[in-house]
Amino acid sequence: LEADGGYCQMTANPVVRDGEVEGGVLLFVDVTEQRQNEMLRREFTANVSHELKTPLTSISGFAEIMKDGFVKPQDVPQFAGKIFDESQRLIALVGDIIKISQLDEDMLPYEKEEIDLYELSEQIVSRLQNVAQNKGITMTLTGEPVTVKTVRKIADEVIYNLCDNAIKYNRPDGSVKVSITREDHQVLLKVEDTGIGISPADQRRVFERFYRVDKSHSKQIGGTGLGLSIVKHGAAYLGVKIGLESVLGEGSCFSLSFPDE
Ligand code: ADP
């Protein structure tokens with residue numbers, strides 16, 4: 001039964017006494033979550049197949065032209081370059097899909113440990129410093145050492161993805177500010193950028209799998225459309241709340257509130 005936007009599984013059984021039906025027992029089980037999960041999984045599989053097929057088709061096409069001898073020797077590096085770029089895209093996609101599936105399965109064997117969020121962010125910022133510099137973007141980190149109990153690998157993934165996006169969707173001379181502050185019973189990590197911003201309608205959707213505001217722009221700069229869903233899932237796994245404030249054309253601020261244990 002479909003009711004009020006949800007799904008209910010109904011089982012009906014007669015109640016029989018002395019061979020006569022005296023009444024009935026109706027059992028209603030709310031299966032909304034189960035149905036929604038099934039639908040999401042089906043949608044995900046369809047999207048994954050589509051996303052994988054696009055670069056594979058290009059790779060196969062370029063390789064076929066080369067195989068048949070239609071490419072002049074001086075153009076071979078350019079074609080090989082295209083095959084290389086498309087396969088890099090495939091590797092990034094498969095990597096992200098594996099991360100999402102692991103988070104989905106909830107079977108991560110990770111244990112929480114005490115980690116210094118400032119030190120972790122420092123490492124991430126230094127890993128991304130070159131990427132930022134190449135685009136003329138200034139990246140800074142402010143705050144002080146603060147310990148939280150969390151899973152290092154997942155927290156790293158979540159913060160890295162936010163910083164990576166803050167660079168990718170920025171303007172050429174823009175900035176990315178990462179800050180860590182302690183507020184009552186929580187540690188707040190903010191990633192603030194001066195980029196293209198996200199409209200209120202898109203803010204509701206950017207955490208969906210494969211959702212991109214501008215599909216071609218995102219693909220061109222190496223986006224898989226899975227970064228923010230990894231952030232959403234990872235944060236849920238860690239018990240971290242995500243916040244997003246953004247003004248179109250001015251910039252975005254993603255925040256993570258870690259429980260201060
Ligand atoms: P992608 O791999 O395409 O970057 P994400 O899941 O990380 O995928 O992000 C989804 C979409 O949200 C992006 O395609 C982009 O349109 C938008 N987005 C994410 N982060 C930002 C940001 N800091 N500023 C502006 N837009 C952003």
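Both counts, for ligands and for their atoms, begin at 1 and track the order of listing.
- Nearest protein neighbour of atom 23 (N) of ligand 1, counting heavy atoms only, is Asp193 OD2, 2.8 Å.
- The distance from ligand 1 to the heavy atoms of Gly225 drops below 4.0 Å at these ligand atoms: 1 (P), 2 (O), 3 (O), 6 (O), 8 (O).
- What sits closest to atom 12 (O) of ligand 1 on the protein, heavy atoms only, is Val206 CG1, 3.2 Å.
- Residue Ile196 has at least one heavy-atom neighbour below 4.0 Å for each of these atoms of ligand 1: 25 (C).
- No option in Val176, Val191, Val178 other than Val191 meets the side chain to side chain contact (heavy atoms under 4.5 Å, CB included) test with Leu162.
- Within the listing of ligand 1, atoms 6 (O), 8 (O) sit less than 4.0 angstrom from a heavy atom of Leu226.
- Of all the atoms in ligand 1, the ones that sit under 4.0 Å from a non-hydrogen atom of Gly223 are 1 (P), 2 (O), 3 (O).
- With a heavy-atom cut-off of 4.0 Å, Asp202 does not touch ligand 1 at all.
- Within the structure, ligand 1 has Lys168 among the residues with a heavy atom less than 4.0 angstrom away.
- Compare Phe210, Phe207, Tyr169, Phe254 by their heavy atoms: the one nearest to atom 18 (N) of ligand 1 is in Tyr169.
- The contact set between ligand 1 and Gly197, taken as ligand atoms under 4.0 Å from a residue heavy atom, comprises 25 (C).
- Interface of Val213 with ligand 1, defined as ligand atoms under 4.0 Å from a residue heavy atom, comprises 14 (O), 16 (O).
- Heavy-atom separations between Gly195 and ligand 1 are all 4.0 Å or longer.
- Distances below 4.0 Å separate heavy atoms of Thr224 from the following atoms of ligand 1: 1 (P), 2 (O).
- Taking distance alone, with nitrogen or oxygen atoms compared against 3.5 Å, Tyr211 stays at or beyond that limit from ligand 1.
- Contacts of Ile198 with ligand 1, taken as heavy-atom pairs under 4.0 Å, involve the side chain alone.
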Ignoring hydrogens and angles, write down the donor-acceptor pairs under 3.5 Å from the side chains of residues 36-45, residues two or more places apart or on other chains.
| from | atom 1 | to | atom 2 | distance (Å) |
| --- | --- | --- | --- | --- |
| Thr45 | OG1 | Arg41 | O | 2.7 |

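- Between Gly227 and ligand 1, an N or O atom pair is found at a separation short of 3.5 Å.
- Ligand 1 has an N or O atom lying under 3.5 Å from an N or O atom of Asn165, backbone or side chain.
- Ligand-side atoms of ligand 1 in range of Ser252: 24 (N), range being under 4.0 angstrom from any heavy atom.
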